[in-house]
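Worksheet: one structure, shown below.
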There are 2 protein chains.
Amino acid sequence: MLEPVAAPCCPPLTERPLSADEAERTAKMFKALGDPVRLRLFSAVASHEGGEACVCDISDVGVSQPTVSHHLKKLREAGLLTSERRGTWVYYRVEPSVLAAMGQLLSAAA
Amino acid sequence: MLEPVAAPCCPPLTERPLSADEAERTAKMFKALGDPVRLRLFSAVASHEGGEACVCDISDVGVSQPTVSHHLKKLREAGLLTSERRGTWVYYRVEPSVLAAMGQLLSAAA
DNA sequence: TGTCTATGTTGACGCCTATCGATACAGGTG
DNA sequence: CACCTGTATCGATAGGCGTCAACATAGACA
C-alpha cells in the first residue's frame, strides 16, 4: 500500500537541479515533516530512548487521539517511521536510511 | 513582512522532542520544500553557478510563470531564498545559514 | 514619452488536508 | 464470554494551497 520513498534517492540539492521524478519523491518526505504536529511526533520518536516509542509516550501534542493517529500514518506513508504492535501498545521507530538520505540532501549546503 | 525563520533554530531532531514553538518555526522550512515544483526551483538555484540564478534560468519546471513567481515567493517567505533585482532580471540565491540549520536538524540521524 | 520584456500580484477555482466526534478493531483481563 | 484500554478508521467540515488567466509593475531602450 505504501512503499518507502526510496532511501538513497538524490544527490545534494546543491549538486544539480532535481528532475521532476526526483523532486516528486523527495518532496513527499519534506512535506511529511512540514507540519508542526508531525514534526513534534517525529522528534519525540527519534529522541526517545531505544529509538522507539509507544504512541502513548508521544501523543501529548495538543490534538485529539484520532489526529495523532492520522499524522503517524502520514509519517509511515512517507517512509519516515515504521510501526509494530507488541501486545497492547503500538511502537514507532524511525527509518534510519531515509533520515540519512534527507540529511545528505542538505549536507553539502555551503 | 516576512522575517527569516531563525536560522540557528533547533537541535537535531534526535536529541530531544521539539517544543511547540520550535516545531512551528521549523515546519515552515520543511513545508516550503514539501512541494515538487518548489524543490526543483530551490535545487536549480542552489546548484546554479555562482550560487545564484535569474528567474529566466530556472522557470522551466512545467508550470505557468505566475505559478513560478508564487512558489519563489513562498521560498522567500520561508527564509530559504533571497532575491535581488539587477536591471531587467531578478536573481535568487540560497540563504546558506538556513540550509545549514536544516542539515543540522537531520545530521545526527543514526 | 511610448513600447517591449521580465516579474510580481490579484482573484477565482478546485483539490488537498488538518481536525474532530463517532465508531471499529485488537489485545489484555476477569 | 464480557469488559476495558489503546489505537486505527470513517465521515464531515473548515481552511489552506497549487494553479491559472488577467492585470499591474519595473526596467531598458528608442
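Below, read A as the first sequence line, B as the second, and so on, with proteins coming before strands; counting in each chain starts at 1.
- Between the CD atom of A/Glu84 and the C1' atom of C/dG27 there is a distance of 15 Å, given to the nearest Å.
- Under the 4.0 Å criterion applied to side-chain N and carboxylate O atoms, A/Glu24 and B/Arg40 are not assigned as salt-bridge partners.
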Carefully, step by step, assess A/Leu105 and A/Phe30 under the rule side-chain contact (heavy atoms from CB on, under 4.5 Å). CA-CA 11 Å; A/Leu105 277 165; A/Phe30 283 111; 4.0 Å; yes

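- For C/dT7, neither phosphate oxygen OP1 nor OP2 lies less than 4.0 angstrom from any side-chain nitrogen or oxygen of B/Lys73.
- Separating the CG atom of A/Leu75 from the C1' atom of D/dA8 is a distance of 15 Å, rounded to the nearest angstrom.
- Taking atom NZ of residue B/Lys74 and atom P of nucleotide D/dT19, one finds them 10 Å apart after rounding to whole Å.
- Contact check, A/His70 against D/dA8: no side-chain N or O comes under 4.0 Å of OP1 or OP2.
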For the pair B/His48 and B/Asp57, evaluate side-chain contact (heavy atoms from CB on, under 4.5 Å) and give the outcome as yes or no after the intermediate values. CA-CA 9 Å; B/His48 204 265; B/Asp57 291 327; 3.7 Å; yes

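- Rounded to an integer number of Å, the gap from A/Lys28 NZ to C/dT17 C1' is 16 Å.
- Rounded to an integer number of Å, the gap from A/Glu77 CD to D/dA8 P is 12 Å.
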Would you check, one step at a time, whether the test side-chain contact (heavy atoms from CB on, under 4.5 Å) holds for A/Met102 with A/Leu80? CA-CA 10 Å; A/Met102 290 192 68; A/Leu80 294 172; 4.0 Å; yes

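- Taking only side-chain nitrogens and oxygens, A/Lys31 never comes nearer than 4.0 Å to OP1 or OP2 of D/dC17.
- In the set C/dA18, C/dT9, C/dC20, the nucleotide with an atom closest to the side chain of B/Pro66 is C/dT9.
- At least one side-chain nitrogen or oxygen of B/Ser64 sits closer than 4.0 Å to the OP1 or OP2 atom of D/dC20.
- Between the CG atom in B/Leu33 and the OG1 atom in A/Thr26 there is a gap of 10.5 Å [rounded to 0.5 Å].
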Report each atom pair, protein N/O against N/O of nucleotides 1-7 of chain D, whose distance is under 3.5 angstrom.
residue: D/dT7; atom: OP2; partner: A/Cys56; partner atom: N; Å: 3.4

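- The phosphate of D/dG27 (OP1 or OP2) has no side-chain N or O of B/Arg86 nearer than 4.0 angstrom.
- Atom P of nucleotide D/dG16 and atom NE2 of B/His71 are separated by 18 Å, given to the nearest angstrom.
- Spacing between atom CG of B/Leu72 and atom C1' of D/dT19 amounts to 15 Å, rounded to whole angstrom units.
- Looking only at side-chain heavy atoms (C-beta outward), A/Gln65 and A/Ser59 stay at 4.5 Å or farther from each other.
- C/dA6 atom P lies 14 Å from atom CG of B/Asp60, rounded to whole Å.
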Verify side-chain contact (heavy atoms from CB on, under 4.5 Å) between A/Met29 and A/Val98, making sure each step is shown before the conclusion. CA-CA 9 Å; A/Met29 298 188 293; A/Val98 178; 3.4 Å; yes

